[in-house]
**Q** 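Sending over a structure as structure tokens; questions will come in a sec.
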Amino acid sequence: GYPGIITVQPYYEKVREYSDWENRDIWEYALDLRPDEVAQLVRHAYEIKPIRFDYYFLDENCSYRILGLLEVARPSLTLRELFQVHTTPVDTVRAIVSAGIVKKVEYRPSAATVLKRHIEQLTPHQKRLAKALVSQQTKLDDTALAVLPPSQRAKILEAAYEYMRYQSLDKKLPRQQIAKLSYQLLKARSQITEASSLKPPPRPATRPDQGHSPNRITLGAGFREHAAYGALEFRPSYHDLTDPWPGYQLGAQIKLLDAAVRYYENDRFQLEQLQVLDVTSLTPRNDFLKPVSWSVGLGARRKLMATGRPLVGYLEGGAGLAYPAFGGLAFALLNATMEIGDGLQNPADVGFGPRLGWLYRGLGGQGLVGFNALCFIAGSDYCNGKLWLQHTVNLGRDYALRFNLGRERSQGRYANEISLGLQRYF
């Protein structure tokens, strides 16, 4: 349903839209194109500007169209041939880097990233003063601010200005509502000659195109309820919470068409799961930034029941909070789930319950300790729960070893599971 169209607008406006309004960190790849190639690209962009293309998320998306523009500018490039099945933006960037036409890469932190970095360098007292200045509970000539050394006042004023700027962008406040306070904060800062010790956000050590590839295949084995099994899993996109983290954001997950099959020692072959879509956004909160974390999922999975483990379809979603904790991220969501399937006691069950977890980095990789519980109140009347540990050891960019340990309960029945899998990203 999206219009696949070419739009023309000043570059700084697009940067502002992404960086300030949508709070996206930007990686900017400057291309080594000759002036005549740039002119040809521009001519072709205007030529196709009236055309509306079919837009598909998995293949003919915006990044795929950019490859087409580059091929017109330099016909010797054959970038689109690399993407016969599906296309992701990070893969198209990898293709451009591999083609040798990138001459420089710049990192542009978003307004939220700048603010987060600044407040990390403030003491609790300095944070309170910065917030009070923006809410105007504390005036610029207040004694609590005046008694501080000039360098500390400079830090507080700069952080207050960034916070006010972030709020104005996030809440889309009218310019006239913030202009006076903006001027006062900047004027007060300009009267302090000492330099602030606030440091800008550091450039991440790993660029997105240097992280693991989005396709993943896993070969593993395990035990469930004293029965051994072999497992094969394939996921065409993109990244989950415990995949190798370099180049990716902590707490962000997008999985599409993740399928897993198992073969048990009693000659039983079965589909374990098919996750059509699984998106999770865990964004940490602090004294200044108050985002809501959320998740949504659609697919089919095995479910522990009193009489077996039937395959059930599900649609679920949740919302909650996440906070930095012990070098990682702790979160709590309230989930709602609807399940359908022949193995259920009713045609459809609806349940609610908490999803708790702690994401961490260390021990050679990253992991997740989690607990899920669901109480079904529409269709059936019972609760189930699962406690698990998932840890991934990174073996270079495109290999990893994943360990899973879990225990679940449903309808008075318990089940334990342990597994180990080798993951290859390509």
Side-chain angles (χ1 to χ4, degrees), residues 224 239-243 249-255 258 272-273 275-286 289-306 309-310 312-341 343-346 348-361 366-392 403-419:
R224 181 180 178 86
H239 177 78
D240 71 28
L241 295 175
T242 59
D243 276 332
Q249 183 178 347
L250 180 68
Q253 170 175 285
I254 301 178
K255 295 196 292 182
D258 188 352
E272 180 65 18
Q273 69 173 28
Q275 293 178 313
V276 177
L277 172 69
D278 190 330
V279 181
T280 300
S281 176
L282 304 175
T283 308
R285 297 165 66 94
N286 54 41
L289 306 174
K290 307 290 185 181
V292 174
S293 296
W294 56 272
S295 68
V296 63
L298 170 68
R301 62 193 173 198
R302 295 285 166 181
K303 178 178 180 178
L304 182 66
M305 302 286 289
R309 284 185 77 227
V312 300
Y314 69 91
L315 172 64
E316 63 184 6
L321 310 177
Y323 289 91
F326 306 106
L329 193 62
F331 62 91
L333 307 180
L334 178 61
N335 271 15
T337 300
M338 182 179 70
E339 296 179 340
I340 58 174
L344 300 175
Q345 295 173 341
N346 299 280
D349 282 347
V350 177
F352 299 89
R355 177 185 175 191
L356 312 175
W358 175 52
L359 279 168
Y360 63 89
R361 289 175 174 173
Q366 56 285 317
L368 169 64
V369 179
F371 172 75
N372 287 2
L374 281 173
C375 288
F376 293 89
I377 59 175
S380 298
D381 184 15
Y382 67 93
C383 296
N384 60 24
K386 182 178 180 180
L387 177 66
W388 80 97
L389 165 67
Q390 186 174 81
H391 183 79
T392 303
F403 171 77
N404 290 281
L405 179 65
R407 178 175 174 84
E408 60 181 314
R409 178 189 183 277
S410 181
Q411 297 185 332
R413 181 181 171 191
Y414 290 85
N416 299 320
E417 183 170 343
I418 185 171
S419 66

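These numbers come from the heavy atoms of this one structure, side chains and all, not from hydrogens, waters or symmetry mates. All residue numbers refer to positions in the sequence shown, counting from 1.
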**Q** Would you please say whether a donor-acceptor pair under 3.5 Å links the side chains of Thr242 and Gln390?
**A** yes

**Q** Could you measure the distance from the CD1 atom of Ile254 to the CG atom of Asp240? Nearest 0.5 Å is fine.
**A** 11.5 Å

**Q** Step by step, would you call Phe376 with Asn384 a side-chain contact (heavy atoms from CB on, under 4.5 Å)?
**A** CA-CA 9 Å; Phe376 293 89; Asn384 60 24; 3.7 Å; yes

**Q** Quick one: NZ on Lys255 to CD on Gln275, what's the gap to the nearest 0.5 Å?
**A** 3.5 Å

**Q** Please find the pair of heavy atoms, one from Ser410 and one from Leu304, that lie closest to each other, and give the distance.
**A** OG-O, 2.9 Å

**Q** Going by heavy atoms in the side chains, are Leu333 and Ser295 under 4.5 Å from each other?
**A** yes

**Q** State, yes or no, whether a side-chain contact exists between Ile418 and Phe403 at a heavy-atom distance under 4.5 Å.
**A** yes

**Q** Counting distance only, does the side-chain N/O of Ser293 pair as donor-acceptor with the main-chain N or O of Thr283 below 3.5 Å?
**A** yes

**Q** I need the minimum non-hydrogen distance between Arg285 and Val292, along with the two atoms involved.
**A** NH1-N, 4.3 Å

**Q** Do Asn416 and Arg224 have side chains that get closer than 4.5 Å, going by heavy atoms?
**A** no

**Q** Does Gln249 have more than 12 heavy atoms from other residues, nucleotides or ligands lying within 6.0 Å of its CD?
**A** no

**Q** Nearest 0.5 angstrom please: Asn346 CG to Ile340 CD1, how far?
**A** 13.0 Å

**Q** Indicate yes or no: does Glu408 engage Lys386 in a salt bridge with an N to O separation below 4.0 Å.
**A** no

**Q** Looking at side-chain heavy atoms only, is the closest gap between Pro354 and Asn372 below 4.5 Å?
**A** no

**Q** Might you point out which heavy atoms bring Gly297 and Tyr314 nearest each other, and give the distance in Å?
**A** C-CE1, 3.8 Å

**Q** Any ion pair linking Glu316 and Arg355 (charged N to carboxylate O, less than 4.0 Å)?
**A** no

**Q** With under 30° as parallel and over 60° as perpendicular, where do the rings of Trp358 and Phe326 fit, or are they tilted in between?
**A** perpendicular

**Q** In Å and rounded to the nearest 0.5 Å, what is the CH2 to CG distance from Trp388 to Asn404?
**A** 10.5 Å

**Q** How far does CD of Gln253 sit from CG of Leu241, to the nearest 0.5 angstrom?
**A** 4.0 Å

**Q** Just jot down the side-chain contact (heavy atoms from CB on, under 4.5 Å) partners of Leu344, sequence neighbours excluded, or say none.
**A** Lys303, Met305, Val312, Glu339, Asp349

**Q** Quick one: CG on Asp278 to CZ on Arg301, what's the gap to the nearest 0.5 Å?
**A** 9.0 Å

**Q** Within the 4.5 Å heavy-atom criterion, are Thr337 and Phe352 side-chain neighbours or not?
**A** no

**Q** Which pair of heavy atoms, one from Gly251 and one from Leu359, lies closest together, and at what distance?
**A** CA-CD1, 3.9 Å

**Q** Please find the pair of heavy atoms, one from Val369 and one from Leu389, that lie closest to each other, and give the distance.
**A** CG2-CD1, 3.7 Å

**Q** Looking only at non-hydrogen atoms, find the nearest pair between Pro291 and Pro284 and report the distance.
**A** CG-O, 3.7 Å

**Q** Are Leu368 and Tyr360 packed together at the side-chain level, in the sense that at least one heavy-atom pair is separated by less than 4.5 angstrom?
**A** no

**Q** Under 3.5 Å, side chain of Arg361 to main-chain N/O of Gln366, donor-acceptor pair present?
**A** no

